[in-house]
Structure formats: structure tokens, C-alpha cells
Trainee: 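If you scroll down you'll find the structure; I have some questions about it.
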Amino acid sequence: MDELLREALGEIAATSTVAILKDVEVRWLGKKGRLTSLLKELGGLPPEERKARGQALNALKQAIEEAVDIRRGEVTRAEAEARAADERIDPTLPGTPVAAGRLHPLTRVVDEVEDVFERMGFHILDYPEAEREAFNFDHLNIPADHPARDTQDTFYLPDGNVLRTHTSPGQVRAMRELTPPFRAIFPGRVYRCEATDASHEHTFHQVEGLMIDRSVSIANMLSSMMTLLEGVFRRKVEVRLRPGFFPFVEPGFELDLRCMVCGGSGCPVCKRSGWVELLPCGLVNPNVIRAGGLDPAHWEGWAFGLGLSRLVMMRYGIDDIRWLMAGDLRFARQF
Ligand code: FA5
């Protein structure tokens, strides 16, 4: 018995972790442990030996159990101390950066444009990107033989609809939907089947503005457009107004912005002219008013079609429109 006790205590004292101690404990006291098998052998002894041996084995078992308990306390403490010594906190280490999402520059500028117009009492509307040909062209006074209707400029869908080539179809939809007088803007994505370059994309964004009232003025239209530009740029900007032709307005104008990528000295974005075509506009053609279900003898309107993608380029100095829809995170992370 003394021999066994010495052996067991020696093994227990030599353990250095709770896991190793557990192994030793199982080896001695577990179901198939050494002590357990000695206790099982008791049954085979003659009755006169059995009692004394049984007492001795139980005393041994108790002694081993106590030794294990004491050692467990010691190694648990030692392990905790070692861990604490290891895990010192270094407050000078850099933290783990939290990856936050960002808003795309187009979304940011749309939000700004919507803010400006909401303050002026405009509705904000949304119309379909897959549009009926009649709304994209016919109702806008664009005749069947107009070059814009060529499949080289327009994406036709298998069901006979088109991917809208501009946000102007919303003009007729808004007139049919709202009770005049009203004012509204409708931002959205438009599509054109055309070659791309620094300032032309096949998929880009516009914001249409429309005001319908008993009588409207070009002065009011221009002042709304200037409020829009100054709201986005937060300073005075340099523009020029020139005549422009669109079948759905009469008279029509083009408002150009001094190129902010090159400051007007000439670059691929402004095609070296120093000016960027940004805001075509005009008084709504009576035929369009009629297509909207209103009587042009009683109602007038002005409309503009802002080239939103180009406005975003000017706002942030982006030198190629193709960055906007490229889905490149290196670009998106800069905003
Ligand atoms: C139109 O789309 C007319 N619907 C605008 C309009 C509305 C005129 C209401 C009068 C009244 P335009 O094709 O010029 O017009 O396009 C308007 C603006 O969209 C342009 O000034 C330009 O800034 C932008 N734009 C045109 N084509 C592209 C393109 N491929 N890529 C990026 N921007 C473009």
C-alpha cells in the first residue's frame, strides 16, 4: 500500500496542468483505473483477508483523492497566473478597424438635389426604367422617323418596350397623375446604346424637373436651376445659356457649366471646350401638355433634364464618367 501511495503521490506532484492532472486521476481512480481494478479483485479474496485489504484500499483511495484536489487548486492557480502574465493589455496597439459602408457619390448628390427641391415645394417622383415607346418618344412630340428612335441609339426590349433614354417620359406621366398646378423632380437611371468616352456612358443618371402652372416664366425656370447648382456646389458657379432644340420644349435652351475638372482650360471631359453640357431645359411644348391630358390654353410648363452623372463629376472632380458605374471599390472608398 505504501509503495502504491508513494507512486501515486509522485505522479500527482509531477503534474503541471489541470489537463495532465486529469489524466493521472483517471489512471488511478477512473473506471478502469489501477485502484478501481484492485477494489474489484477484493471479491476473489478469502473473507478473512477481504476486510483488512478493503479498508487499506479505501484509505489509499481517499489519500489519492485528497492529493488530487490539493494539486488541482495549485495548478489551476499557476495556470491562471501564467495566462495573466501573458495577456498584458498594450493600450498603444492600433485598434481593429471597423469597415463602415459608404454612400456612392451619385446617391450623395441625388440626396442633395432632392433636399434643394423639397425645400422649394417640389414632389419627388419615381418612374419605370423599362418604358413604353409612346411615353419615351411619341407623347414627347418625337416623331416616328426621329434619329433618336434608331436601334443604334435606343435599347429595345423583346416585349416592344424600351429602356428609357431620358427621364422626360416622366413629364407626361406626372401630368396625368397629379392635379395641376404642381412642381416635381424625378431622378433616375437612363440608357443609351452609344459608344462611351470620358463624358458619355451607356447607363447614366438624369434628374428631370417639371413645373406646371397657369403661367410660368423662363426667369423662374433659370432661378430654380441656379438654386439647384448653388445648393450642390455651395457657391456661385459659372454657367452659360444658349439656344437648344428638343422636340418637347419650345423655346429650348442648353445651360452649360464651366468645366470643374480642368477649371475651363480644356480636358477630355469637356472635349477641350472648357464647358460641360449639363442642363438642357425649356418651356413645355403644347403638344406634350396635351399628351399629359391638360389643355395648353390653360396650362403652361417648364422642364429641365439635368445630366446628373456629369454634375457628380463636376462636384467631385472625377475625370472619367465610367468610374461611376464601374463597381470598383478603390473608387467608391474615396467618398
Ligand atoms: C435629354 O435627355 C432631354 N430629355 C433633356 C431635356 C429635358 C431637355 C427637359 C429639355 C427639357 P440630352 O440628350 O441632351 O437631353 O441629355 C441631357 C443631359 O444628360 C446632357 O446635358 C448630359 O449632361 C447628359 N447626358 C447625355 N448623354 C449622356 C451620356 N451618354 N452619358 C452621360 N451623360 C449624358
Side-chain angles (χ1 to χ4, degrees), residues 106 109 113 127 131 135-137 139-142 146-149 152-155 162-175 183-212 216 218 221-222 224-225 228-229 232 239-257 259-261 268-271 273 275-285 287-289 292 300-315 318-326:
L106 270 163
V109 176
V113 169
Y127 289 118
E131 182 55 282
F135 280 88
N136 197 77
F137 297 122
H139 296 330
L140 291 173
N141 205 32
I142 304 177
H146 194 279
R149 298 180 70 146
Q152 288 188 349
D153 299 300
T154 303
F155 290 110
V162 299
L163 288 179
R164 65 178 174 193
T165 58
H166 50 177
T167 43
S168 299
Q171 289 186 27
V172 176
R173 287 186 175 273
M175 281 185 238
R183 44 191 114 167
I185 60 164
F186 9 109
R189 189 155 47 182
V190 305
Y191 304 85
R192 291 186 193 174
C193 184
E194 63 182 359
T196 64
D197 61 30
S199 59
H200 290 84
E201 252 292 19
H202 47 70
T203 303
F204 59 101
H205 289 72
Q206 292 187 336
V207 180
E208 195 86 2
L210 175 67
M211 169 145 163
I212 298 286
V216 301
I218 292 172
M221 175 181 79
L222 292 177
S224 303
M225 289 166 26
L228 154 72
L229 293 178
V232 169
V239 297
R240 74 175 182 193
L241 191 68
R242 56 194 170 89
F245 173 76
F246 301 89
F248 34 95
V249 289
E250 179 58 43
F253 306 93
E254 290 269 11
L255 188 88
D256 301 333
L257 185 70
C259 181
M260 294 188 176
V261 172
V269 174
C270 59
K271 298 206 196 81
S273 71
W275 294 95
V276 174
E277 279 184 20
L278 189 72
L279 250 167
C281 54
L283 298 186
V284 181
N285 187 298
N287 287 338
V288 179
I289 303 255
E300 296 178 359
W302 58 248
F304 65 75
L306 165 70
L308 181 71
S309 303
R310 291 194 190 162
L311 180 67
V312 172
M313 295 171 74
M314 297 300 115
R315 170 80 158 74
I318 299 166
D319 62 4
D320 196 313
I321 192 169
R322 289 165 291 198
W323 282 114
L324 291 178
M325 304 297 284

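All ligand and atom numbering here is 1-based and tracks the order in the structure.
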Trainee: With no hydrogens and no angle check, do the side chains of T165 and D153 hold a donor and an acceptor under 3.5 Å apart?
Mentor: no
Trainee: Do you know which two heavy atoms are closest between P280 and F246, and how far apart they sit?
Mentor: CB-CZ, 3.2 Å
Trainee: Using the test ring pair (Phe, Tyr, Trp, His ring centres under 6.0 Å), find all partners of F204 that sit at least two apart in sequence or belong to another chain.
Mentor: none
Trainee: Using every non-hydrogen atom in the two residues, find where L257 and M314 come nearest and quote the distance to one decimal.
Mentor: CD2-CG, 3.7 Å
Trainee: Applying salt bridge (Lys or Arg N to Asp or Glu O under 4.0 Å), can you list everything that pairs with E131, at least two apart in sequence or on another chain?
Mentor: R173
Trainee: Show every salt bridge (Lys or Arg N to Asp or Glu O under 4.0 Å) that has at least one partner inside residues 194-206, sequence neighbours left out.
Mentor: none
Trainee: Which protein residues have a heavy atom under 4.0 Å from ligand 1?
Mentor: H166, S168, Q171, R192, E194, S199, H200, E201, F204, Q206, E208, F246, F248, V249, E277, L278, P280, C281, A303, F304, G305, G307, R310, I321
